[in-house]
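Step one of this worksheet: look at the structure below.
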Amino acid sequence: MTAPFRIAMFGAGRIGNVHARNINDHPQSVLAYVVDPMEGPAQELAARYGASQVDEATALGDASIDAILVASATSTHADLIVKGLQAGKAVFCEKPVDLSITRVAATLKVVEASDKPVLIAFNRRFDPGVAEVQRRAADGAVGMIEIVNVTSKDPEGGLPIEYLKVSGGMFRDMTIHDFDMCRFLLGEEPTTVSATASSLVSPEIAAIGDIDTACVTLQCASGRIAIITNSRRASSGYDQRVEVHGATGTLRTENVPKNMFVHESGSMVERSTPKFFFTDRYAESYAAEWAHFVRVLEGTEQPNPSTADGYRSLLLAEAAYVSLKTGSVANVADVERELVG
């Protein structure tokens with residue numbers, strides 16, 4: 001067995017803690033450095049896994065570092081991807097690449113010119129249930145795909161308003177996962193986007209000009225349709241479901257309960273509520289995502305999702321905003337020409 005890959009991680013927040021644990025738990029990776037402007041959390045996280053808290057220059061300048069993991073603020077993602085590649089490192093980067101589609105397009109060109117792999121972390125592709133739905137749908141288990149439904153509702157109060165203020169808006173921050181999921185399950189690029197949305201959950205969200213309740217319809221050239229339902233409020237946990245309806249049947253995933261407790265009586269059936277938020281609900285997917293990236297470092301797999309996937313999903317978010325603003329169906333190619341050229 002070769003020596004474990006040495007990883008420098010940027011970002012010591014909530015998602016950084018998830019990734020640090022998965023790096024530590026994998027036999028072929030080791031957390032070497034943690035970089036974060038908040039030195040206290042960075043030092044604490046580094047100490048937990050035998051790493052060192054260092055600055056950016058030290059992490060990027062160390063030739064023994066095989067890859068960087070970018071879990072820092074969205075505004076740093078594109079810069080760190082480019083800097084990591086220039087330093088000869090492979091890159092694992094949280095979504096989105098950037099909030100600007102033109103910046104993502106420019107970053108994609110840098111990635112394509114590099115011989116180092118870059119993975120954009122749309123972790124939900126690695127959820128065991130979702131992966132099985134996609135595999136069976138691609139194998140023709142339900143015939144020709146006709147409709148994909150993606151439901152994603154956050155527990156109310158799950159994210160602080162300070163985060164939402166800089167998140168880029170619901171479609172770029174939250175729905176971008178669902179855009180990627182639709183592309184993953186459809187196996188085809190949507191060509192049109194229609195969006196409706198409101199601010200029904202929180203006056204604070206409305207006050208910052210954001211939305212919290214939305215329905216987005218995507219359609220492909222083949223006629224296939226995908227429907228996304230989003231809300232910043234779910235009363236009984238983290239509501240995460242997907243369904244693929246085809247000519248001969250349906251494939252779907254259900255919510256994951258906190259436990260398998262069931263109480264049955266003559267008048268009711270009681271079950272556990274779903275897991276509360278993404279760190280619990282998608283724990284398996286984050287571990288599987290990291291295991292995939294290790295195989296990328298080993299050279300046995302190609303990074304998937306790629307930077308191109310990040311670009312396409314953000315483009316769908318931009319088209320959704322165009323539709324929301326104009327009240328009409330947005331053509332994705334027209335939006336791309338207008339924003340990117």
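Counting from 1, the numbers follow the sequence of the chain as shown. Fair warning: this is a prediction, and the values are worked out from it, not measured in the lab.
- When only modelled atom types and interatomic distance are considered, D239 and T151 share no side-chain donor-acceptor pair under 3.5 Å.
- Checked for salt-bridge contact, R295 and E298 miss the test: no charged N lies under 4.0 Å from a carboxylate O.
- Residues I145 and V150 are members of one and the same hydrophobic cluster, defined by side-chain heavy-atom contacts under 4.5 angstrom among Ile, Leu, Val, Met, Phe, Trp and Tyr.
- Between T279 and V18 the shortest heavy-atom distance is CG2-CG2, 3.8 Å.
- Between D79 and T76, the side chains place no donor N or O within less than 3.5 Å of an acceptor N or O (distance only, hydrogens not considered).
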Practice item. Could you go through the side chain to side chain contact (heavy atoms under 4.5 Å, CB included) check for K153 and R233 one step at a time? Key: CA-CA 6 Å; K153 301 171 189 170; R233 170 160 51 207; over 6 Å; no
Exercise for review: Go through the steps to decide whether D154 and F277 satisfy the test side chain to side chain contact (heavy atoms under 4.5 Å, CB included), and finish with yes or no.
Suggested key: CA-CA 7 Å; D154 286 355; F277 211 26; 4.0 Å; yes
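- Under the 3.5 Å distance criterion, with hydrogens and angles disregarded, a donor-acceptor pair is assigned to the side chains of N230 and T175.
- Of all heavy-atom pairs between L324 and A197, the closest is CD1-N, 3.6 Å.
- Put simply, CG on D173 and OG1 on T74 are 7.0 Å apart, with the number rounded to the nearest 0.5 Å.
- Side-chain N/O atoms of R125 and N304 include a donor and acceptor closer than 3.5 Å.
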Review point. What's the verdict on side chain to side chain contact (heavy atoms under 4.5 Å, CB included) for T250 and V142, showing C-alpha distance, side-chain angles and the deciding distance?
Key: CA-CA 6 Å; T250 298; V142 293; 5.6 Å; no
Practice item. Just do the salt bridge (Lys or Arg N to Asp or Glu O under 4.0 Å) check on R135 and E132 with the steps written out, would you? Key: CA-CA 5 Å; R135 184 187 68 79; E132 185 69 6; 2.7 Å; yes
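- Under the 4.5 Å side-chain heavy-atom criterion for grouping Ile, Leu, Val, Met, Phe, Trp and Tyr, V91 is connected to I120 within one hydrophobic cluster.
- Annotation: the span from M170 atom CE to D212 atom CG amounts to 6.5 Å, rounded to 0.5 Å.
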Check your understanding: Do I23 and Y49 pass the side chain to side chain contact (heavy atoms under 4.5 Å, CB included) test, and can you show the C-alpha distance, the side-chain angles, and the key distance before you say yes or no?
Key -> CA-CA 9 Å; I23 293 169; Y49 296 110; over 6 Å; no
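- Between C215 and I227, the closest heavy-atom pair is SG-CG2, 4.0 Å.
- Summarising the geometry, atom CG belonging to L315 is positioned 10.0 Å from atom CZ belonging to F179; distances are rounded to the nearest 0.5 Å.
- Going from atom CG of L108 over to atom CG of D98 covers 13.0 Å, rounded to the nearest 0.5 Å.
- The shortest heavy-atom contact between A71 and E94 is CA-CG, 4.3 Å.
- Note on ring orientation: taking the six-membered ring where Trp is involved, the planes of Y282 and Y238 are perpendicular (angle over 60°, cut-offs 30° and 60°).
- L45 and I15 are not part of a single hydrophobic cluster, where members link through side-chain heavy atoms under 4.5 Å apart.
- The nearest pair of heavy atoms linking V332 to T192 is CG2-N, 4.0 Å.
- Neither I65 nor L69 shares a network with the other; the hydrophobic side chains, linked directly or stepwise wherever heavy atoms of I, L, V, M, F, W or Y lie under 4.5 Å apart, form separate groups for each.
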Review point. Under the side chain to side chain donor-acceptor pair (under 3.5 Å) criterion, do N149 and R252 qualify, and how do the steps go?
Key: CA-CA 9 Å; N149 282 284; R252 67 174 177 269; over 6 Å; no
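- Looking at E336 and R312, a side-chain N of the basic residue comes within less than 4.0 Å of a carboxylate O on the acidic one, giving a salt bridge.
- Between the K165 side chain and the I208 main chain, no donor and acceptor come within less than 3.5 Å of each other.
- Going from atom CZ of F184 over to atom CG of D309 covers 10.0 Å, rounded to the nearest 0.5 Å.
- Ionic pairing of R281 and D127 is present here: one or more N-O contacts between side-chain nitrogen and carboxylate oxygen are shorter than 4.0 angstrom.
- Tracing side-chain contacts under 4.5 Å through hydrophobic residues (I, L, V, M, F, W, Y), one reaches V340 starting from Y321; they form part of the same cluster.
- For the atom pair CD (E301) and NE2 (H292), the distance works out to 5.5 Å, reported to the nearest 0.5 Å.
- For F293, the ring pair (Phe, Tyr, Trp, His ring centres under 6.0 Å) test picks out F92, W290, with sequence neighbours left out.
- Closest approach of V335 to A330, counting heavy atoms only: CG2-CB, 4.3 Å.
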